[in-house]
Each structure stands twice: as C-alpha cells, then as structure tokens.
Number of protein chains: 2
Amino acid sequence: MKKSKTTGEILREEREKKGLLLRQVAAMLDIDTAILSKIERGERKASKEQIVKLAEILELDEEALIVQYLSEKILYEIKDEELGSKALKAAEQKMKYNNKNNS
Amino acid sequence: MKKSKTTGEILREEREKKGLLLRQVAAMLDIDTAILSKIERGERKASKEQIVKLAEILELDEEALIVQYLSEKILYEIKDEELGSKALKAAEQKMKYNNKNNS
DNA sequence: TTTATCTTGACAATAAGTGTCAAATATAAT
DNA sequence: ATTATATTTGACACTTATTGTCAAGATAAA
C-alpha cells in the first residue's frame, strides 16, 4: 500500500507531464513563481480559486482535485487532535442529518 | 428529528442550569463577558483551551465537548462547499489509511 | 561556465481572529 | 416607574495568519 499523493505532488507531476514551467503556470495564476513552488512542495496551501484554475490549466478533473484539496484542508485542521477521527465521524453525522432536514 | 445542539447552545444551557452568570464564567476564562456572550450565541468561536476550561467549569464530559467543538469547526470549513460531503469521506479514508501505516 | 529553472528566506500588505470597553437593551425586583 | 443587574451590540485595538513580492542562492542543462 503506497502513500496517497498530496495535492502538491499531483500538481507538480501534471505540470511536468505537460512540460510546463513554474514560471508559465504561475503567470497564468497571476502569482509569483515562488508561491507556486511552495504550493507544489506543500509549504503553502493554494486557494480554492487557484485550485480551480490549476485543474483547468493542467486538464485535471476539477471535482476530484477540489475533493483532494478540501480533504487535505480538513485533515490539516485536526492534525494535532487526538479526537480528530471521532470529530470527523461526528461531522459526517451532522452533515447527513442536515441534508435530511433542509431538503 | 430535532436539530442537534450547537456548542454555544450546550454551553449556555449548562451555564444556566448551574445558575452561573456570564460574568462569572467569563472571569474564570479570563475574558470579557462580551466574548462569552458571543460564543454562546455562535457569533464567535471559542478556542480549544477555552473549550477545555468550559468543560471543567460546567462539569461537562471533556471528550464529548471537544468532539462537538471540532466537528463544528470542520463543518464550518466546508459549509459553502458543494463537495463538502465527498471531501469529508475522503478525509476519513486518508485518516484510516495513515493510521494503518504509521502504527 | 554560462544560462535557465527552481528554491529559500526576508519582508510587506492584507485579512482573520481575539480581545477590551462603553453604550444600548433586556430582565427582575422593589 | 425606578432602579439594579445581566446580557447584547458595535466600534475599536492588538495580534497572528495568510498571501503575496522580491532578490539572492542552489540546482540542473547546455
């Protein structure tokens, strides 16, 4: 069982597959090369807007990339929490419940 | 099926059950009354430390209160996201997976 | 060794979070 | 109705995170 890829790893892989330079992609995102470099190496988080643009630029499935990105964000939120796993389950329960009642 | 309580609602209920004033509990937390008022009404979020202290002050089960608090925080993170539910499930998967491999 | 790419760290600007304070409202007791 | 107490509200200040630029240093390709 090999470790699942981080968002950054996915982005770097796809950029390189396409033979694009940091400089080029960063320009399309309208940010400095340094930031994209950091995003790809996981040193910074991308914004939602940047993720959407990146999916388009790199021709990745947008929904899949967003889910990947959001789940990483959620895990980051509870990374130091002993009760993280329980909290996740509780969140799912509440979400399920709310959907029932709002629809 | 009635709506599940928010953290703020729980805190207010328990404080009132104990006959404590905002002023008193706020003093124990070393914050202004105004903030506690806002926390109870959901206008602001408590910090982790405050939640822990509140569990003690109000004699609530600490673990349960923390889970409640964290799950609310997680849901807040994805509240505007169409893909929130999928992201939650993905996060759980990753968490499961990581536990397998780190232990 | 030159040239292009990428990485790093110091810094700036802005946004978000966390608190105080005082005035306005609401609640309760005379 | 007045007074006293409790809570709420909003303006403000302070601190910390986030998001970016820039320039210098490291890496890799020619």
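Computation of the quantities below employed the complete heavy-atom set of this structure, encompassing side-chain atoms and omitting hydrogens, waters and symmetry-equivalent molecules. The chains referred to below are lettered A, B, ... by the order of the sequence lines, with proteins before strands, and numbering in each begins at 1.
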Participant: If I take atom CD in residue B:Glu77 and atom C1' in nucleotide C:dA16, what distance separates them, rounded to the nearest angstrom?
Facilitator: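 Answer to the nearest Å: 13 Å.
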Participant: Less than 4.0 Å between a side-chain N and a carboxylate O, is that true for A:Glu14 and A:Lys17?
Facilitator: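 Answer for the salt bridge query: yes.
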Participant: Should A:Arg15 be listed as having a side-chain N or O under 4.0 Å from OP1 or OP2 of C:dT5?
Facilitator: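 Negative; the distance criterion is not met.
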Participant: Among D:dT7, C:dG19, C:dT7, which is the nearest nucleotide to the side chain of A:Arg12?
Facilitator: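 Between D:dT7, C:dG19, C:dT7, the one nearest the side chain of A:Arg12 would be C:dT7.
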Participant: Over all strands shown, is A:Ile35 touching base, sugar-phosphate only, or nothing at heavy-atom distances under 4.0 angstrom?
Facilitator: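 Answer is base: heavy atoms of A:Ile35 come under 4.0 Å of a base.
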Participant: Within the structure shown, what part of the strands sits under 4.0 Å from A:Gln50 by heavy-atom distance: base, sugar-phosphate, or nothing?
Facilitator: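 Result for A:Gln50 = sugar-phosphate.
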Participant: Please state how far atom CD in B:Glu16 lies from atom P in C:dT27, giving the value in whole angstrom units.
Facilitator: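 Taking CD of B:Glu16 and P of C:dT27, I get 12 Å after rounding.
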Participant: Under 4.0 Å between any heavy atoms, over every strand shown, what does B:Arg23 touch: base, sugar-phosphate, or nothing? Just pick one.
Facilitator: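 Sugar-phosphate only.
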Participant: Which of the following nucleotides, C:dT7, D:dC22, D:dG10, is nearest to the side chain of A:Ala34?
Facilitator: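 Among C:dT7, D:dC22, D:dG10, the one nearest the side chain of A:Ala34 is D:dC22.
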Participant: How many whole angstroms separate atom CD of A:Glu43 from atom P of C:dA10?
Facilitator: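 In whole Å, C:dA10 P lies 12 Å from A:Glu43 CD.
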Participant: Could B:Arg41 and B:Glu9 be called an ion pair, given the rule that one side-chain N must be under 4.0 Å from one carboxylate O?
Facilitator: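 Salt bridge between B:Arg41 and B:Glu9, a charged N being under 4.0 Å from a carboxylate O: no.
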Participant: Closest heavy-atom contact between A:Gln50 and A:Ile31?
Facilitator: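 Closest approach of A:Gln50 to A:Ile31: NE2-CG2, 3.7 Å.
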Participant: Taking only the side-chain heavy atoms of B:Arg44 (C-beta and beyond), determine which of C:dT5, C:dT18, D:dT19 contains the nearest atom.
Facilitator: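 Looking only at heavy atoms from C-beta outward on B:Arg44, the closest nucleotide is C:dT18.
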Participant: Starting at atom CG of B:Leu20, determine the distance to atom C1' of D:dT7, rounded to an integer number of angstrom.
Facilitator: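 It is 15 Å, rounded to the nearest whole Å.
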Participant: Distance check: side-chain N/O of B:Arg41 vs OP1/OP2 of D:dT9, anything under 4.0 Å?
Facilitator: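 B:Arg41 to D:dT9 OP1/OP2: side-chain N or O found under 4.0 Å.
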Participant: Whole angstroms only, please: what is the CD1-C1' distance between A:Ile39 and D:dG20?
Facilitator: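 Going from A:Ile39 (CD1) to D:dG20 (C1'), I get 11 Å.
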Participant: Below 4.0 angstrom, N of the basic side chain to O of the carboxylate: do B:Lys5 and B:Glu13 qualify?
Facilitator: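 Salt bridge between B:Lys5 and B:Glu13, a charged N being under 4.0 Å from a carboxylate O: yes.
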Participant: Establish whether the base of C:dG19 is bridged to the side chain of B:Lys38 by a donor-acceptor pair shorter than 3.5 Å.
Facilitator: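 Donor-acceptor pair under 3.5 Å: no.
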Participant: Rounded to whole angstrom units, what separation is found between the CG atom of B:Leu29 and the C1' atom of C:dG19?
Facilitator: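 Distance check: B:Leu29 CG to C:dG19 C1' gives 13 Å.
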Participant: Between atom CG in B:Leu36 and atom C1' in C:dT20, what is the gap in whole Å?
Facilitator: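 Answer to the nearest Å: 15 Å.
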Participant: Think B:Ser37 has a side-chain N or O under 4.0 angstrom from the OP1 or OP2 of D:dT7?
Facilitator: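 For D:dT7, OP1/OP2 do not have a side-chain N/O of B:Ser37 under 4.0 Å.
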Participant: Can you figure out which of C:dT20, C:dC6, D:dG20 approaches the side chain of B:Asp32 most closely?
Facilitator: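 Between C:dT20, C:dC6, D:dG20, the one nearest the side chain of B:Asp32 would be C:dT20.
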Participant: Evaluate A:Leu11 against A:Leu65 for side-chain contact (heavy atoms from CB on, under 4.5 Å), listing each step before the verdict.
Facilitator: CA-CA 9 Å; A:Leu11 294 173; A:Leu65 192 62; 4.2 Å; yes
Participant: Whole Å only: how far is the CG atom of A:Leu21 from the P atom of D:dA28?
Facilitator: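 Result: 16 Å.
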